[in-house]
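Some notes on the structure that comes next.
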Number of protein chains: 2
Amino acid sequence: MADIQGNLLRGHLEGMVLSVLERGEGHGYEILKRLQDLGNGALELREGSLYPALYRMEEAGLVQARWESDDSPRRGPRRRIYALTEKGRRELLRSRETWRAFAGVVGRIMEEPA
Amino acid sequence: MADIQGNLLRGHLEGMVLSVLERGEGHGYEILKRLQDLGNGALELREGSLYPALYRMEEAGLVQARWESDDSPRRGPRRRIYALTEKGRRELLRSRETWRAFAGVVGRIMEEPA
DNA sequence: AATAGTACCTAGTTTGTCTAAATAGTAGTT
DNA sequence: AACTACTATTTAGACAAACTAGGTACTATT
């Protein structure tokens, strides 16, 4: 199983998080699990990568964070819920364009017959 | 034009260089131009990224380098010519697999309808 | 002599992922 | 009660690879 992690991910994680949040808000651990699920076991993403990414994105105004209310029915550790902002939505569109350009160019270079 | 550079490239450059060299040996500057051509103006790759990458790859035994002979017919700065080694060829196969896995996973996450 | 293109080199900066820990609540087991 | 495991968040420090921003040197053209 080719593991996707580290340098390969650099610069691509933010778009992936934006994309996951487009389907609905979610807390950090949930975003992590959604990404790992979507990665089908090949995506090795750690908490230590995701949480700092979320903080950067919050600072950049791409996502808005709130603490889950105390009086929610569930028990367990508090969760911080992230949602896309308008700016984040625009950034997602740009991320998709960048991804397509990137995948097109690198794909062509990697796959073109010798 | 979406520019492909910096963090986006991290971890992907080595495979691209291997792939370009599969089509035939070449010197550093030539590899740079070939990549920029293949990138159709979108790939912003600098010498300061490529040369160190070539040194790393030489050290890792993926490519073999030699100085162009002095008595070659052309005039101009000396060139250092890089060629794939057997190990480099094997690594290229692995790079392609990794690329496909990466592009598949990230593509699915980026493009999947919300 | 000035400019531009080819060709290589490299010290130092940047930055985002990862390592590796810590904290804390809940649930199930022995 | 003690344990293990899972959920959930936090963060200091390490690391590595692309980049910045220069430098050298030869050739050709204006």
Side-chain angles (χ1 to χ4, degrees), chain A residues 3-18 25-37 39 43-60 62-63 65-70 72-82 95 102 106, chain B residues 3-18 25-37 39 43-60 62-63 65-70 72-82 95 102 106:
Chain A
D3 29 73
I4 297 162
Q5 42 91 260
N7 284 320
L8 288 180
L9 240 40
R10 282 185 86 147
H12 299 280
L13 181 54
E14 184 180 297
M16 290 162 73
V17 171
L18 290 171
E25 58 176 28
H27 60 272
Y29 198 75
E30 186 185 3
I31 295 169
L32 183 73
K33 294 302 170 193
R34 282 202 225 166
L35 283 172
Q36 287 170 346
D37 277 3
L43 207 175
E44 271 160 53
L45 179 63
R46 311 275 166 199
E47 287 115 318
S49 307
L50 181 63
Y51 287 112
L54 286 169
Y55 305 149
R56 289 194 303 271
M57 292 168 70
E58 188 182 1
E59 187 133 9
L62 305 179
V63 297
R66 68 166 205 277
W67 284 104
E68 196 175 42
S69 63
D70 265 356
S72 80
R74 76 177 283 283
R75 308 282 216 131
R78 68 209 174 134
R79 298 147 147 186
R80 196 153 170 75
I81 295 171
Y82 293 87
S95 291
F102 175 84
V106 179
Chain B
D3 28 72
I4 298 162
Q5 41 92 260
N7 284 320
L8 288 180
L9 240 39
R10 276 185 89 149
H12 299 280
L13 181 54
E14 184 180 297
M16 291 162 74
V17 171
L18 290 172
E25 57 175 28
H27 61 272
Y29 198 76
E30 186 185 2
I31 295 169
L32 183 73
K33 293 303 170 191
R34 281 202 226 167
L35 284 172
Q36 287 170 346
D37 277 3
L43 207 175
E44 270 160 51
L45 179 64
R46 311 276 164 200
E47 288 133 35
S49 307
L50 181 62
Y51 287 115
L54 286 170
Y55 304 149
R56 289 195 302 271
M57 292 168 71
E58 189 182 359
E59 189 134 9
L62 306 178
V63 297
R66 68 166 204 277
W67 284 105
E68 196 174 42
S69 63
D70 265 356
S72 82
R74 76 176 283 283
R75 309 281 216 132
R78 70 213 170 131
R79 299 147 147 186
R80 196 154 170 74
I81 295 172
Y82 293 88
S95 291
F102 174 84
V106 179

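Bear in mind the structure is a predicted one, so any value in this text is a computation, not a measurement. The basis for the numbers below is simple: all heavy atoms, side chains too, and nothing from hydrogens, waters or symmetry mates. Each chain gets a letter, A, B and so on, in the order the sequences are listed, and its residues count up from 1.
- The side chain of B/Arg56 places an N or O atom within less than 4.0 Å of a non-bridging phosphate oxygen (OP1 or OP2) of D/dA18.
- In this structure, CG of B/Leu54 is placed 9 Å from P of C/dC9, rounded to the nearest angstrom.
- With D/dT9, C/dC9, C/dA7 as the candidates, the nucleotide lying closest to the side chain of B/Tyr29 is C/dA7.
- Going from atom CD1 of B/Ile81 over to atom C1' of C/dT6 covers 14 Å, rounded to whole Å.
- Residues meeting the side chain to side chain contact (heavy atoms under 4.5 Å, CB included) test with A/Glu58, sequence neighbours left out: A/Val63, A/Ala65, A/Arg80, A/Tyr82.
- If you check D/dT11, C/dT6, C/dC9 against the side chain of B/Arg80, the one that comes closest is C/dC9.
- With the end axes of the helix from C/dA1-D/dT30 to C/dT30-D/dA1 each set by five pairs, the angle from one to the other reads 0° at 10° resolution.
- Residue B/Arg79 places at least one side-chain N or O under 4.0 Å from the OP1 or OP2 atom of C/dA7.
- For A/Glu47, there are no salt bridge (charged side-chain N to carboxylate O under 4.0 Å, His left out) partners two or more places apart in sequence or in a different chain.
- Here the side chains of B/Glu59 and B/Tyr55 are not in contact, with every heavy-atom distance at 4.5 Å or above.
- Taking 4.0 angstrom as the limit, B/Asn7 places a side-chain polar atom (N or O) nearer than this to OP1 or OP2 of C/dG16.
- Proximity of residues 45-52 of chain B to DNA chain D (heavy atom under 4.0 angstrom from any strand atom) is restricted to B/Leu45, B/Arg46, B/Gly48, B/Ser49.
- If you take CH2 of B/Trp67 and P of C/dA7, they are 12 Å apart, rounded to a whole angstrom.
- For B/Tyr55 and C/dC9, the shortest distance from a side-chain N or O to OP1 or OP2 is below 4.0 Å.
- The ring-ring contact (aromatic ring centres under 6.0 Å, His included) test applied to B/Phe102 returns A/His12, A/Trp99, B/His12, B/Trp99, not counting sequence neighbours.
- With contacts defined as side-chain heavy-atom distances shorter than 4.5 Å, the pair A/Leu54/A/Ile31 qualifies.
- Taking atom CD on A/Glu68 and atom P on C/dG25, their separation rounds to 16 Å, with Å as the unit.
- Checking side-chain atoms of A/Gln36 against main-chain N and O of A/Leu45 turns up a donor-acceptor pair under 3.5 Å.
- B/Arg46 is linked by a side chain to side chain contact (heavy atoms under 4.5 Å, CB included) to B/Glu44, B/Ser49, counting only residues two or more places apart in sequence or in another chain.
- Scored by the salt bridge (charged side-chain N to carboxylate O under 4.0 Å, His left out) test, B/Arg34 finds B/Glu30 as partners (sequence neighbours excluded).
- The nearest whole Å value for the distance from the NE2 atom in A/His27 to the C1' atom in D/dC6 is 12 Å.
- Straight-line distance from the CD atom of A/Gln5 to the C1' atom of D/dC15: 13 Å, rounded to whole Å.
- Atoms CG and CG, on A/Leu8 and B/Leu8 in that order, are 12.0 Å from each other to the nearest 0.5 Å.
- A heavy atom lying under 4.0 Å from DNA chain D marks the following residues of residues 9-17 of chain A, by number: A/Arg10.
- Shortest non-hydrogen contact noted between B/Leu18 and B/Ser95 is CD1-OG, 4.0 Å.
- One atom, CD of A/Glu58, and another, P of D/dT11, lie 12 Å apart when rounded to the nearest Å.
- Annotation: the span from B/Arg78 atom CZ to B/His27 atom NE2 amounts to 13.0 Å, rounded to 0.5 Å.
- In this structure, CG of B/Leu62 is placed 15 Å from C1' of D/dA17, rounded to the nearest angstrom.
- Qualifying side chain to side chain donor-acceptor pair (under 3.5 Å) partners for B/Arg56, counting only residues two or more places apart in sequence or in other chains: none.
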